[in-house]
Each structure stands twice: as structure tokens, then as C-alpha cells.
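Below is one structure, written out as C-alpha cells; the observations come after it.
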Amino acid sequence: MARRVAAVAHRGAPHVARENTLAAFRAALAAGADAVELDVRLTRDGVPVVLHDRTLERLWECPEAVAALSARELRARTGGGVPTLAEALELLRPVRVLIDLPAVEAVAATLAVVAGQGAAGRVYYCGGPAAMRAVRAGDPAAEIALTWQRTAPMRGSLLDSVRPRWLNYRFGVLDRERVRRAHAAGYLVSAWTVDRPRTMRRLAAMGVDALTSNRVAALRRTLPG
């Protein structure tokens, strides 16, 4: 039997519905995602909400920064379109959730919401070294996918401090030997963001364990399992 590669929906299904919204997450579930990746920012009053950008401009045509708005104001600006992390976790109970933390400031509140929702067993975290160190300090048992986009190898001191389960690579820096070395060291390997079927098949042939895609339906068709 062929090895199954986990299909991770990048911000839900952004070609079906606006990214990082409940509609996009529902579409990802319907497409057969094994996990959904989402991004977390903090409102002015410290509520973790699901949005990638610092501001609302690209998605909601509003120039204000998320950090400048209260959760109530954010809801009013977007017609309720930006979900809280708690709302997203509730909807995504059937699958795993990969939380991308672009800012260290959001870590503590995010961990608190995950714990409060009883979701720690189905949540894992990705991001750069600073944010992932903060996750590790806040939750010694957290499952971490350390994000990396350089050709240079990860430092041993970084790996020792973060203790990731996954090495989460930008797909263009991966080759078969890097995947082999990661597996030999005991890590799982994920790649982002992979939208072309030819690239999906090439990375699967390298032995990656998970692929993150904006086109999760195409990923599931290309790599059935």
C-alpha cells in the first residue's frame, strides 16, 4: 500500500471562499483535508483571531491594523467574517489544526485558548524560531512544526531549544537527501505551499510526510489515500 501523505489545507480552501474564514474551513473539510492551517493575530483587547495579515486591507478593504481594534470592533468592520480562534477550533473538531504564529505576542493567549477548548491533542504549531521557542516555553508538551525557508541547515542549538516534531520547509529548498537526513534524525517533514500537481507528486516521491496547499481538493485527488 502506498504511503499516505497528509493533506494540510492552507488557510482553509482560499480558492473556494475567503481565506481564514469559517466558510473556507468548511470547504477544506468537505475536500477531505487531514488538517487545516490557520494564522492567529491578537486584537487590541487580547483576543486571538484568525487572520494572516497585520491589517484588514487586503481581505476586508479596511486599512486598520488588527492590533488597533477590539474584538467587537473587528467583528463590526468585517461583518463577523474574521473568526476567533475559539470559533475556528470548534468548527474544526473533525481534523487537526496547524496554528501559524507570526508574532511572539500572540503565543500565550493562543495556548490559553487551545487549552480552554480542550484542543491540545489535535493542535500543532508552526512558525519561526522566536515564536516556536515561546510555544515550547509555554507548553513543554506542544507539538511543533519548525518553519524554515533557507537552504542553510537548521542549527543544532535551535533544534535543541525548540524540540520540534516536524521540520516545516518551504518546498523549494527540499530535496530527497534533506528529507532522508531529517527522517534519520527522527523528524517528520512537511512542505509548504504546494499547489501544482506535478510538484505534489515530486515531493511525495521524496518521502515528505505532509503537504500544505491552497488547493487541498487537488492535493487529495493527486495523492489519494
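The analysis underlying the following values was restricted to heavy atoms, covering all of them including side chains, and did not include hydrogens, waters or symmetry mates.
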Closest non-hydrogen atom pair, Leu98 against Tyr125: CD1-C, 3.8 Å
field: Beyond-backbone contact of Asp195 with Leu219, side-chain heavy atoms, under 4.5 angstrom
entry: no
task: Flag this pair as yes if the NZ/CZ of Arg165 is under 6.0 angstrom from the six-membered ring centre of Tyr124 and inside a 45 degree cone about the axis; otherwise no.
output: no
message: Checking the side chain of Arg220 only, and the main-chain atoms of Leu223 only, is there a donor and an acceptor separated by less than 3.5 Å?
response: yes
query: So, Arg41 and Asp53, do they make that salt bridge, N to O below 4.0 Å?
result: no
- request: Keeping the roles fixed (side chain from Arg11, backbone from Leu38), state whether a donor-acceptor pair exists under 3.5 Å.
  value: no
statement: Closest heavy-atom pair, Thr43 versus Ser70, reported as atoms and distance to 0.1 Å, is CB-C, 4.0 Å
query: How about Leu74 and Val49: do any of their side-chain heavy atoms sit closer than 4.5 Å?
result: yes
query: Are Thr212 and Val194 side-chain neighbours, meaning at least one heavy-atom pair lies under 4.5 Å?
result: no
- prompt: Measuring from Thr21:OG1 to Leu59:CG, what's the distance to the nearest 0.5 Å?
  reply: 9.0 Å
message: So which atom in Ala191 and which in Leu174 form the shortest heavy-atom distance, rounded to 0.1 Å?
response: CB-CD1, 3.7 Å
task: Specify the closest pair of heavy atoms between Met200 and Arg215, including all atoms of both residues, with the distance to one decimal.
output: CE-O, 4.2 Å
CZ (Arg58) with more than 12 external heavy atoms under 6.0 Å: yes
- prompt: Would you say Arg176's side chain and Ala205's backbone share a donor-acceptor pair under 3.5 angstrom?
  reply: yes
field: Val36 side chain near Val216 side chain, heavy-atom distance below 4.5 Å
entry: no
message: Using only atom types and a distance under 3.5 Å, with no angle test, would you say the side chain of Arg170 pairs donor to acceptor with the backbone of Gln149?
response: yes
task: Inspect the contact between Arg72 and Asp45 and indicate whether a charged nitrogen and a carboxylate oxygen are less than 4.0 angstrom apart.
output: no
- request: Kindly indicate, with the supporting measurements, whether the criterion side-chain contact (heavy atoms from CB on, under 4.5 Å) is fulfilled by Val47 and Leu85.
  value: CA-CA 8 Å; Val47 177; Leu85 175 59; over 6 Å; no
- prompt: Is there a side-chain contact between Leu159 and Leu146, using heavy atoms and a 4.5 Å cut-off?
  reply: yes
Exam field: side chain Asp209 to backbone Ser190, donor-acceptor pair closer than 3.5 Å: no
query: What are the two closest non-hydrogen atoms of Ala27 and Val16, and how far apart are they?
result: CB-CG1, 3.8 Å
- prompt: Does a side-chain heavy-atom distance below 4.5 Å link Tyr187 with Arg181?
  reply: no
query: Counting only heavy atoms not in Arg54, do more than 12 sit closer than 6.0 Å to its CZ atom?
result: no
query: Cut-off 3.5 Å, side chains only: do Glu37 and Trp192 have a donor facing an acceptor?
result: no
message: Does any part of the side chain of Val66, heavy atoms only, come nearer than 4.5 Å to the side chain of Thr55, both counted from C-beta?
response: no
message: Could you walk me through whether Asp100 and His52 satisfy the side chain to side chain donor-acceptor pair (under 3.5 Å) test, starting with their C-alpha distance in whole Å, then the side-chain angles of each, then the deciding distance to 0.1 Å, before giving a yes or no?
response: CA-CA 9 Å; Asp100 191 334; His52 174 268; over 6 Å; no
message: One thing to verify: whether Arg96 and Asp34 come together as a salt bridge, which I'm taking to mean a side-chain N less than 4.0 angstrom from a carboxylate O.
response: no
- prompt: Salt bridge between Arg75 and Glu87, side-chain N to carboxylate O under 4.0 Å?
  reply: yes
- prompt: Which pair of heavy atoms, one from Trp60 and one from Thr78, lies closest together, and at what distance?
  reply: CZ3-O, 3.5 Å
- prompt: Any donor-acceptor pair under 3.5 Å linking the side chain of Thr147 with the backbone of Cys126?
  reply: no
- prompt: Should Glu64 and Arg44 count as an ion pair when the cut-off is N to O under 4.0 Å?
  reply: no
- prompt: Is a salt bridge present between Glu73 and Arg77, judged by a nitrogen-to-oxygen distance below 4.0 Å?
  reply: no
